[in-house]
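Order of appearance sets the numbers: ligands from 1, and atoms from 1 within every ligand.
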Amino acid sequence: MSDSAGANPSHIKSAEIFQRARQVLPSGYTRHMVVAKPHPYYAISGDGCWITDVDGNRLLDCVNNFTAMIHGHNKKEVIDIICSQAPRIMSAILPTEWEVKLAELLVDRIPSIERARFMNSGTEALMIAVKVGRAYTGRSKVAKAEGAYHGQYDLLEASFQPTPDKWGPADAPTPVANSVGTPQSLLDEIVLFPTNNIEATRNILRQRANEIGTVVIDPCRLQLGLVQPRNDFLQMLREETQRLGMVLIFDEVLCLRMGYHGMQGRTGITPDLTTMGKIIGGGLPVGGLGGSAKVMSVFEVDAGEPKVKQSGTFTANPMTMATGYTSMSLLTAEVFDDMERKSERLREGLEKIRVDLGLVGRVEGIASLSVLLLTDKPMNNYRELAVAMGSGLLEKIGIMSRLFGEEGILTLRGGFVASTPMTNDDVDFALAGARRALARMKEMGAT
Ligand code: PLP
């Protein structure tokens, strides 16, 4: 008898595929961030902001592949460029004009970018950005916020989600490996600072100024839409790094989607380097790095050997460059405004539901990201976030996102990511489902 016997009849095919997956992929998965119990739903197609799974269930996609699919699925112009570029040339050792066009677009829009380079993932962009910081300053250590996510590079994934027993002092956190086997010598190269603690962070940077060459921060949030760095904190980072001769990286792999000029356009603070990914590939795998001509000069070959060497078989391949350029060109300032208006409608609706149902918590979000937090605990840094999660918030998020799923809404752990095809009707669909799900959660005594 198949193991999927007795499975939920509306997910029978997904259950069957998962049984096969378990035979050939560790635990059935390639991406840990998509693990779902008892099994994932396997997608078969997508259209606009809707996804259909192999059993024919339709879900409102409020995740957009971790924010990357800003135009949702099956966007005509994006599909057209893929179909027209593929027969022309998919990849070769000759560069194409598409690479120049995408770089021109980014230089034109993103305040910190005078020169750009491309990679195949956000992780790779961060890896290369660190090399740039080291080559430019001659100092090897990198400072990051405790709890921040910057992709899978073992140096930068340190202390992504450390447990309290390993935290160390609050004003000088101890770096903790994210994967078993990470060498201590690598952890010695990372310096952690507490988000939003201006004094402690300033002291750390000043005291270790002769070792730290690079400071990296996601200017929008620490983890999955949670914990926003305050503007005065970012401003302090800008001033201190400038004073101490460090390279400041804004990791905008996710938050470039926050506006026409990226998150840096919203904050009014310009870093030395910006790492990118997700939306700049238009749905194909991508990474990007941009910065001032001075810092990016470490790649230059005109004067001989570059200080930082970068290549890669599929780097800047014409499929990604053409698709990224086309997709980014469709993102005008008006399109960003429209997405933001719809997200504000969603945030207002969620807050109304929260008040109507008498739920403790708050609605947060910026631009196209929105989240209902069922807690009254503060969350100004990783440790406060971990305390809130440990006192019931994590379980609530799990239940909430499962119940949203049962209402046909796919969320990023209960958080909502808007896309350009989303209409007010889609927002209202999400709100109606969220109201039913949260009312059920209240009845269950789970809020
Ligand atoms: N940096 C941030 C802020 C991210 O959110 C992500 C991915 O979610 C990354 C880096 C890594 O990007 P990628 O998944 O393309 O390697």
Side-chain angles (χ1 to χ4, degrees), residues 29-35 62-70 110 112 117-133 142-161 178-179 190 195 214-229 234 237 248-259 262-264 266-267 271 273-291 310 312 314-317 320-321 323-324 327-328 365-369 371 382 385 411-413 415 417 419:
Y29 291 95
T30 289
R31 295 198 284 180
H32 278 131
M33 285 205 188
V34 306
V35 169
C62 297
V63 184
N64 300 298
N65 195 20
F66 296 110
T67 75
M69 306 298 289
I70 199 161
I110 310 301
S112 66
R117 308 266 299 189
F118 297 101
M119 297 88 201
N120 290 309
S121 69
T123 294
E124 203 186 333
L126 268 301
M127 289 171 69
I128 295 182
V130 166
K131 291 190 193 180
V132 174
V142 180
K144 71 163 245 185
E146 185 181 37
Y149 185 66
H150 296 294
Q152 302 177 72
Y153 176 22
D154 46 12
L155 177 79
L156 292 179
E157 71 173 10
S159 286
F160 168 43
Q161 288 177 324
N178 197 45
S179 295
I190 198 96
T195 300
T214 312
V215 176
V216 59
I217 187 153
D218 177 333
C220 155
R221 88 306 176 233
L222 208 56
Q223 294 190 3
L224 289 180
L226 303 169
V227 184
Q228 194 187 338
L234 294 173
L237 286 183
L248 178 64
I249 305 174
F250 273 8
D251 179 0
E252 296 223 27
V253 167
L254 187 150
C255 62
L256 205 78
R257 68 151 39 232
M258 296 310 180
M263 188 66 192
Q264 55 201 260
R266 290 183 90 93
T267 62
L273 288 180
T274 301
T275 48
M276 298 165 285
K278 298 191 192 272
I279 65 166
I280 68 161
L284 298 186
V286 76
L289 174 64
Q310 184 223 343
F314 290 105
T315 297
N317 73 79
T320 302
M321 296 295 104
T323 310
S327 171
M328 289 296 291
I366 326 172
S368 53
L369 283 194
V371 65
Y382 170 70
L385 169 69
T411 60
L412 192 54
R413 299 212 184 149
V417 180
S419 57

Asks: Which residue owns the protein heavy atom closest to atom 7 (C) of ligand 1, what's the atom, and how far is it?
Replies: K278 NZ, 3.3 Å

Asks: Please identify which atoms of ligand 1 are closer than 4.0 Å to at least one heavy atom of D218.
Replies: 3 (C)

Asks: How does E124 reach ligand 1, if at all, at less than 4.0 Å between non-hydrogen atoms: by side chain, backbone, both, or neither?
Replies: neither

Asks: Quick check on R266: does its CZ atom have over 12 non-hydrogen neighbours (other residues, nucleotides or ligands) under 6.0 Å away?
Replies: yes

Asks: Compare all side-chain heavy atoms of S179 with those of E157 and state whether any distance is below 4.5 angstrom.
Replies: yes

Asks: What part of M119, side chain from CB on, backbone N/CA/C/O, both or neither, has a heavy atom under 4.0 Å from ligand 1?
Replies: neither

Asks: Test of understanding: given a 4.0 Å heavy-atom threshold, classify the contact between F66 and ligand 1 as side chain, backbone, both, or neither.
Replies: neither

Asks: Starting from atom 12 (O) of ligand 1, find the nearest protein heavy-atom neighbour and note its residue, name and distance.
Replies: G122 CA, 3.3 Å

Asks: For the 3.5 Å polar cut-off, considering only N or O atoms, please tell me whether D251 and ligand 1 meet it.
Replies: yes

Asks: Which of the numbered atoms in ligand 1 are below 4.0 angstrom from a heavy atom of R221?
Replies: 3 (C), 5 (O)

Asks: Taking atom types as modelled, find out whether Q264 and T274 have a side-chain donor-acceptor pair closer than 3.5 angstrom.
Replies: yes

Asks: Is there side-chain contact between D251 and K144, with at least one heavy-atom pair below 4.5 Å?
Replies: no

Asks: Heavy atoms only, cut-off 4.0 Å: how does T123 contact ligand 1, side chain, backbone, both, or neither?
Replies: both

Asks: Can an N or O of V286 be found at a distance shorter than 3.5 Å from an N or O of ligand 1?
Replies: no

Asks: For a side chain to side chain contact (heavy atoms under 4.5 Å, CB included) check, start with the C-alpha distance between T267 and F250, then their side-chain angles and the critical distance, and finish with the verdict.
Replies: CA-CA 11 Å; T267 62; F250 273 8; 4.2 Å; yes

Asks: Evaluate H150 for polar contact with ligand 1, using N/O atom pairs at a separation under 3.5 Å.
Replies: no

Asks: So does Y29 have more than 12 non-hydrogen atoms from other groups sitting under 6.0 Å from OH?
Replies: yes

Asks: Among all residues two or more places apart in sequence or in another chain, which pass the side-chain hydrogen bond (donor to acceptor under 3.5 Å, both in side chains) test with N64?
Replies: none

Asks: Got I249 and H150 here, is their nearest side-chain heavy-atom distance under 4.5 Å?
Replies: no

Asks: Check the pair T315, Q310 against side chain to side chain contact (heavy atoms under 4.5 Å, CB included), reporting the backbone distance first and the verdict last.
Replies: CA-CA 9 Å; T315 297; Q310 184 223 343; 3.8 Å; yes

Asks: Give the atoms of ligand 1, by number and element, whose distance to some non-hydrogen atom of S121 is under 4.0 Å.
Replies: 15 (O), 16 (O)

Asks: Taking atom 16 (O) of ligand 1 as the reference point, report whether a protein heavy atom occurs under 4.0 Å from it.
Replies: yes

